[in-house]
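Data first, discussion second: the structure below is written as C-alpha cells.
Order of the sequence lines fixes the chain letters, A, B, ..., with proteins taken first and strands second; residue numbering starts at 1 for each chain. Reckoned from all heavy atoms, side chains included, excluding hydrogens, waters and symmetry mates.
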Number of protein chains: 2
Amino acid sequence: MATIKDVAKRAHVSVATVSRVINNKGYVNEETRLLVVEAIEALNYVPNELARSLFKKQSRIIGVIVPHMTSYYFAELIEIIENFIIEEDYHVMVCNSRDDFARESKYLKVLQQYSIDGILLVSNTHRIHDYQDLKVPIVAIDHHLSDHIPSVTSNNIQGGILAASKLIEAGCTEIIHFRGPSILPTVQDRTTGFRSIMDKHRVAPNSFDLAFKDPDPQEILSCLEKLPNVNGIFCDSDVIALSVIQCLKQLGKNVPEDVQVIGFDNIELAQMITPRLTTISQNKEQIAQTAVSLLMKLIQKQPIEATHIEIDVNLVERETTQ
Amino acid sequence: MATIKDVAKRAHVSVATVSRVINNKGYVNEETRLLVVEAIEALNYVPNELARSLFKKQSRIIGVIVPHMTSYYFAELIEIIENFIIEEDYHVMVCNSRDDFARESKYLKVLQQYSIDGILLVSNTHRIHDYQDLKVPIVAIDHHLSDHIPSVTSNNIQGGILAASKLIEAGCTEIIHFRGPSILPTVQDRTTGFRSIMDKHRVAPNSFDLAFKDPDPQEILSCLEKLPNVNGIFCDSDVIALSVIQCLKQLGKNVPEDVQVIGFDNIELAQMITPRLTTISQNKEQIAQTAVSLLMKLIQKQPIEATHIEIDVNLVERETTQ
DNA sequence: TTGTAGGCGTTATCAT
DNA sequence: ATGATAACGCCTACAA
C-alpha cells in the first residue's frame, strides 16, 4: 500500500503538498498539482482513512444499532438509512444488538473506539443513562428514549386510531389487538390510539402481547380459541399478522370474510402474499431521512428545531379487510 | 476522551506500562497493574481503536458486501455471519452494493482505506480482476467468482435435482422453471440440475428469467397464460414463489391442488404464509460458518484445504406441494 | 507556492 | 519490572 510519502517522493514534492492536493486545501501550483495527481494514479494511492481519522478525531462513520436485521421492517429501514448516509459522504457500520442490552453496550463502546461520528439507535432497551453519558451525537429511531435524546418515530397513536377506525367502519364488533411487548412506548401509543376509537364506539377490544418478530403460533391459537366470535384483528407488525392469518385458516376461518386483519409496518412482502395484507404503513423513507438529517445537524453542531419528531402513518387497504 | 497518557499520568507510570496492562503483554508488577486498572476505570478510558489499527495495520473489521439487504435471504444470512464474526472478536461493516458495480468498487476502496482485515463478498458482478488485485483476504459467498478466490455456495445443482424430482414424483407433467437471471452461475447450476432430471423423465420444462428480488407480476402472468395447463412450478427464490402463487390465485388456480410450487432459500417467512411454502432450503448457518472460518484462515495466513466449497441443500416439504 | 516538523493515540523495541 | 522513544500515515501551523 502506497503512502503519502511514496507519492511525495515520486512527484518530487513534499508530503504537505500532496496532502494539499488530496484535500483541495491551500495554495498549490497547477503544474505541481498535475505532477502529484499523476503520481497518485501511478501508485494507485488511496489515503489511509485510519491515519486521517486519528488526526481529525472523526471517522466519517455512522454507527447504526438495530435490535435485529432479519426483522424485515428493520432490514428495509436500514437500507434506506444507508442511502441517505452515503449521500452525506459518510459510511455505515451496522450493529445488531439482538435486543440484548449487553451487546448494545458493547457496541456503544466499540463505536466510540472507532471515533464514530454519530449513532443512529433503534433500541428497545431503556438504559437511558448510558446513552446520555456518550459524547457522540445520537438520534433514536422508532423509540422515544428520553427528552435529551432527539428521536424520530412514527405517529403510533395515529396508527392505532387508523386501524381502529377501519375495523369499526368495516363492521367489526368483536375485536382483538395482538400487540408487541406492552412495556414498549411504541406499543403503548398504538394501544392508546386504538382504544380511544374503540371506547368511542363502546367496543372493548382484547389485547394480547406477542413478540414482534417471532410470535408464538400456539399462543395466538389459544387466544383465538378463547374468542371464537372475533371478526376484527389489529396486529402490531406485519409478521404477527401473517402468523395470525395462518392460525385463522387453521381454525377454518376465512380472511377477510369471517375475520378482518390489519397489520403494521407495510413491509415489502405485505403485498406479495395472498391475500394481500391491509396494513398501517410506516413511512420508512421519511423516518430515515429525518433521522439522518437530524444526526447531521447534531454532528455539525447546528441547532435542531425539535427534539422529538413524529412521522405520519397511513392505512394501506388491501385484501385482508373489506 | 481520556488517552493512554492521561491514564499513565494518573497512575504515575509510563504509557508503556499502561499499554502492557491493556494488552496483557510483557512483565508488569501486580501492584502497578492494580494502580493502572484503577486509573483506567476512574477515567473511563477505552483505547482508541484507530490509533491501534494504524499501528498494527489491521482493524479487526470484516467488510461484508451484499447486493441487497432487503432481500430476505441476505438479511438472514448477514445476521448469522455477524454472529460468527463476533465470536472471532472481529467487527462487521455491512456494505450494500445494490447490485451496482460502481458502488461495489467504491466500497472495495473504502474498505481498504479502513485497513479492513478481510472481506466477505456476496456479488452478482463478475469483475474478477478487481478482486484479485486486492491484497485483502476475500471469500465469496453464493457465487463462485474465480478459482483464485475461495468461495462458498450452496450445491445448486443438487437444489435443481431435488426440486425436479419432487415435482415429477408428485405427478407434475407440465412444468415451469421461474429462475433468476440466467447469466448467474448460481442460476445456471440450478437449471442444469433441474433439467437433468426432467430430461430423464422426458419432460421439457419451460424456463423464464426473472429478478430474484422484484419479480414482475405482469411477466409472470403472461408466462402463466401462455401455458394454461401448467401443474408444477420451480422458483429460484421464495420471493419469486410468493409472486407466482399470487398470480396463480388471480388466474383462479389453487395451490397445490391445481399447481404445485417449490421455492428456493427457505426464508423465515416461508413457513409463516398460507399455504406454507415448500422450498429448497439453503443451509445458511453452515454457509456462514464455512465462509467465516475460511476467511479467518486466510487472515491468519493458514493454508486452506479447498478453494471452493459447496454446502448441501435440502427439500423442505410444506403445503404448496402434495 | 512549497517544505519542515510536531502531533494525533498506540504499540514495540530498546535500554535501564 | 519499567521507562524513553521511534514508528504507523496523515494533517496543519509555521517558516521559508
From the list [options], which nucleotide is the closest neighbour of the side chain of [X]?
X	options	value
B:Arg20	D:dC10, D:dC8, D:dG3	D:dG3
B:Val28	D:dT2, D:dG3, C:dT10	D:dT2
A:Phe55	C:dA12, D:dC10, D:dG3	D:dC10
B:Ala16	C:dG3, C:dA12, D:dT2	C:dA12
B:Tyr27	D:dC10, C:dT10, D:dA1	D:dA1
B:Ile22	C:dT11, C:dT2, D:dC10	C:dT11
B:Thr32	C:dT11, D:dC8, D:dT2	D:dT2

*Using heavy atoms to find the nearest nucleotide of DNA chain C for B:Lys25 and B:Leu54 separately, return the residue whose nucleotide is more 5′.*
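The answer here is B:Leu54.
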*5′-ward residue of the pair B:Lys56/B:Val15 relative to DNA chain D*: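 Nearest-nucleotide comparison on DNA chain D picks B:Val15.
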Could you check how far [atom1] of [X] sits from [atom2] of [N], rounded to whole Å?
X	N	atom1	atom2	result
B:Glu30	D:dA1	CD	P	12 Å
A:Arg52	C:dG9	CZ	C1'	19 Å
B:Leu35	D:dT2	CG	C1'	13 Å
A:Asn23	C:dT2	CG	P	16 Å
A:Ile4	D:dC11	CD1	C1'	8 Å
A:Lys9	D:dC10	NZ	P	13 Å
A:Leu50	C:dC8	CG	C1'	13 Å
B:Glu49	D:dG9	CD	C1'	17 Å

*Which one of A:His308, A:Glu310, A:His143 satisfies the side chain to side chain donor-acceptor pair (under 3.5 Å) criterion with A:Ser151?*
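Considering A:His308, A:Glu310, A:His143, a side chain to side chain donor-acceptor pair (under 3.5 Å) with A:Ser151 is found only for A:His308.
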*Charged N-O contact under 4.0 Å between B:Lys297 and B:Glu305*: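 A salt bridge is present here (some side-chain N lies under 4.0 Å from a carboxylate O).
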*Is any side-chain N of the basic residue among B:Lys213 and A:Glu268 closer than 4.0 Å to the acidic one's carboxylate O?*
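A:Glu268 and B:Lys213: salt-bridged.
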*May I ask you to say what A:Thr3 touches in the nucleic acid, namely base, sugar-phosphate or nothing, with a heavy-atom cut-off under 4.0 Å?*
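Touches sugar-phosphate only.
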*Supply the atom-to-atom distance B:Glu87 CD to B:Met296 CE, rounded to the nearest 0.5 angstrom.*
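Going from the CD atom of B:Glu87 to the CE atom of B:Met296 covers 10.0 Å.
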Between [N] and [X], is there an OP1 or OP2 to side-chain N/O distance shorter than 4.0 Å?
X	N	answer
A:Lys57	D:dC11	no
B:Tyr114	D:dG9	no
A:Asn48	D:dC8	no
B:Thr17	D:dT2	no
B:Ser14	D:dT2	no
B:Lys5	C:dT10	no

*Is there a donor-acceptor pair closer than 3.5 Å between any side-chain N or O of A:Ser105 and the backbone N or O of A:Phe101?*
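It does hold such a pair.
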*List the atom of B:Ser53, the atom of B:Ser59, and the distance in Å for their closest heavy-atom pair.*
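It is OG-CA, 3.4 Å.
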